[in-house]
Amino acid sequence: MTSQPAQSEDIVSLKARASGWFRELRDEICAEFEALEDVLIGTFSDRLAGRFERKTWAREDGGGGEMSIMRGRLFEKVGVNISTVHGEFSDIMRKEIPGAKENPYFWASGISVVAHLQSPLVPAVHMNTRMLVLNDGAKHWYGGGADLTPMMDNEEDAVDFHAAFKACCDRFSPDYYQKYTQWCDEYFYLKHRGEPRGVGGIFYDYLNSGEQEKDFFFTRSVGETFLSIYPQIVRRHMNLPWTKAQREQQLVRRGRYVEFNLLYDRGTRFGLQTGGNVEAILMSMPPEVKWP
């Protein structure tokens, strides 16, 4: 494999800022989730509070990442992973990524969060943001978003989650929320079942408005919004009692989560097709699930 072309100082600086922010956000999310573990007084509060365990990995063709996984008394399984990788796209990915045929070299950095809770009253959640740079930096963009997957219907949670991300979007463009929430609904849809994965949120990709600072700070704001709203929703339900029947419903709903990630998720495909760490890519899988 030949070496990648030189990149401008602006792109080099932007890459450093992006990967640095993803690491900073990882630390803040892990600290907040561990704090929630500490204050549980409901079911399983007699157990020890969970703590994240970290594991680094290296990618053979360039770069690597760090997994942070916690299996606790509140969070049955939560992963907060970061990675920064570079190399050359496979033939398959060159056909799928815009511009990759002409620019086969890439650099990508991002953070991915997936949380599955012990309580069926607390919704599962997914959030990720990323930056992708092709070749010499002539093409680069941001992507990501956040979506909520309730195990039990709760309108208040859905309304508050969407309101938080609408406010986030509106700070940057009056068009973002409607565009990105519709994209989320269309993306997180199980075509084979004819049903959505959850209650949505926002999803965006290929974001390059021509204003580098605006795009970067929007992506930061998505992460900050997630860190603000999701713990509020967790606190709302975490200490409430739940039943065996509700737990059974939760396990069935988790099956839908597995189906989507294995059949449709582009992040899963990207990771596997670019030689990523399989354990990190599949950390989104819930620890227990049922298909009736």
Side-chain angles (χ1 to χ4, degrees), residues 17-40 49-57 64-84 108-119 122-131 142-150 157 160-165 167-169 184 198 201-204 216-238 257 261 265 267 271 276-277 279-287:
R17 291 171 65 193
S19 60
W21 161 244
F22 298 140
R23 181 173 293 275
E24 180 182 339
L25 179 60
R26 185 275 309 272
D27 292 343
E28 292 181 7
I29 292 172
C30 287
E32 177 65 23
F33 285 3
E34 288 185 346
L36 289 171
E37 280 279 321
D38 288 340
V39 297
L40 179 70
R51 286 295 180 265
F52 280 97
E53 296 183 2
R54 290 188 176 168
K55 181 179 179 181
T56 59
W57 58 273
E66 189 169 28
M67 302 171 57
S68 297
I69 305 294
M70 178 167 67
R71 297 178 183 270
R73 59 185 186 177
L74 171 62
F75 291 91
E76 189 172 358
K77 180 186 176 186
V78 53
V80 188
N81 294 351
I82 56 172
S83 64
T84 300
S109 185
I111 179 172
S112 179
V113 182
V114 177
H116 297 285
L117 284 293
Q118 299 275 10
S119 170
V122 185
V125 77
H126 158 257
M127 188 279 295
N128 81 88
T129 54
R130 59 191 175 275
M131 179 184 181
Y142 296 92
D147 65 288
L148 200 67
T149 304
D157 291 346
D160 289 352
F161 192 79
H162 276 272
F165 280 99
C168 166
C169 290
C184 184
I202 64 169
F203 177 85
Y204 66 103
F216 174 66
F217 280 104
F218 172 67
T219 295
R220 280 190 61 130
S221 184
V222 170
E224 292 165 345
T225 299
F226 168 80
L227 184 56
S228 173
I229 186 59
Y230 184 63
Q232 292 182 39
I233 293 173
V234 173
R235 291 188 183 93
R236 184 178 292 164
H237 307 293
M238 60 186 278
Y257 207 96
N261 280 25
D265 188 68
N277 181 277
E279 184 180 359
I281 295 165
L282 297 180
M283 70 88 180
S284 63
M285 296 297 117

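When reading the values below, keep in mind they use all heavy atoms of this one structure, side chains included, and skip hydrogens, waters and symmetry mates. In this chain, residues are counted from 1 in sequence order.
Looking at heavy atoms from C-beta onward, H126 lies in side-chain contact with V114 at the 4.5 angstrom threshold. Under the 4.5 Å side-chain criterion, counting only non-hydrogen atoms from C-beta, F52 is not in contact with F75. Residues I233 and P123 form a side-chain contact, since some pair of their non-hydrogen atoms from C-beta on lies under 4.5 Å apart. V125 is listed as a side-chain neighbour of F226, based on a closest heavy-atom distance under 4.5 Å. Residues T219 and Y204 form a side-chain contact, since some pair of their non-hydrogen atoms from C-beta on lies under 4.5 Å apart. Between F165 and L148, the closest side-chain pair of non-hydrogen atoms is not below 4.5 Å. Inter-residue side-chain proximity for D160 and R236 is flagged as met; some heavy-atom pair is nearer than 4.5 Å.
Note on R235 versus E32: salt bridge recorded, some NZ/NE/NH1/NH2 to OD/OE distance being below 4.0 Å. A salt bridge links R51 to D38: at least one charged side-chain nitrogen sits closer than 4.0 Å to a carboxylate oxygen.
Remark: S112 engages N128, M283 in a side-chain contact (heavy atoms from CB on, under 4.5 Å) (not counting sequence neighbours). Every residue was checked against the salt bridge (charged side-chain N to carboxylate O under 4.0 Å, His left out) condition with E24, not counting sequence neighbours, and none meets it.
The CE atom of M70 lies 7.5 Å from the SG atom of C30; values are rounded to the nearest 0.5 Å. Put simply, CE on M127 and CD1 on I29 are 4.0 Å apart, with the number rounded to the nearest 0.5 Å. Atom OG1 of T129 and atom CD1 of I82 lie 11.0 Å apart (nearest 0.5 Å). Taken to the nearest 0.5 Å, the CZ atom of R71 stands 10.5 Å off from the CD atom of Q118. In this structure, OG1 in T84 is found 11.0 Å from CD in E66, a value given to the nearest 0.5 Å. Interatomic distance, N81 CG to M67 CE, rounded to the nearest 0.5 Å: 5.0 Å.
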Discussion item. One pair to check against ring pair (Phe, Tyr, Trp, His ring centres under 6.0 Å): Y257 and H116. What are the steps and the verdict?
Written reply: CA-CA 10 Å; Y257 207 96; H116 297 285; 5.1 Å; yes

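When all heavy atoms of A280 and W57 are compared, the closest pair comes out as CB-NE1, 4.0 Å. Counting all heavy atoms, side chain and backbone alike, M238 lies closest to L36 at CE-O, 3.4 Å. When all heavy atoms of F218 and C168 are compared, the pair lying nearest together is CE1-SG, 4.1 Å. Shortest non-hydrogen contact noted between V39 and R73 is N-NH2, 4.4 Å. Of all heavy-atom pairs between E34 and G50, the closest is CG-O, 4.3 Å. Of all the heavy atoms in G145 and V222, the pair that sits closest is CA-CG1, 4.2 Å.
T225 places a side-chain N or O within 3.5 Å of a backbone atom of S221 that can act as its donor or acceptor partner. K77 places a side-chain N or O within donor-acceptor distance of the main-chain N or O of M285, the cut-off being under 3.5 Å.
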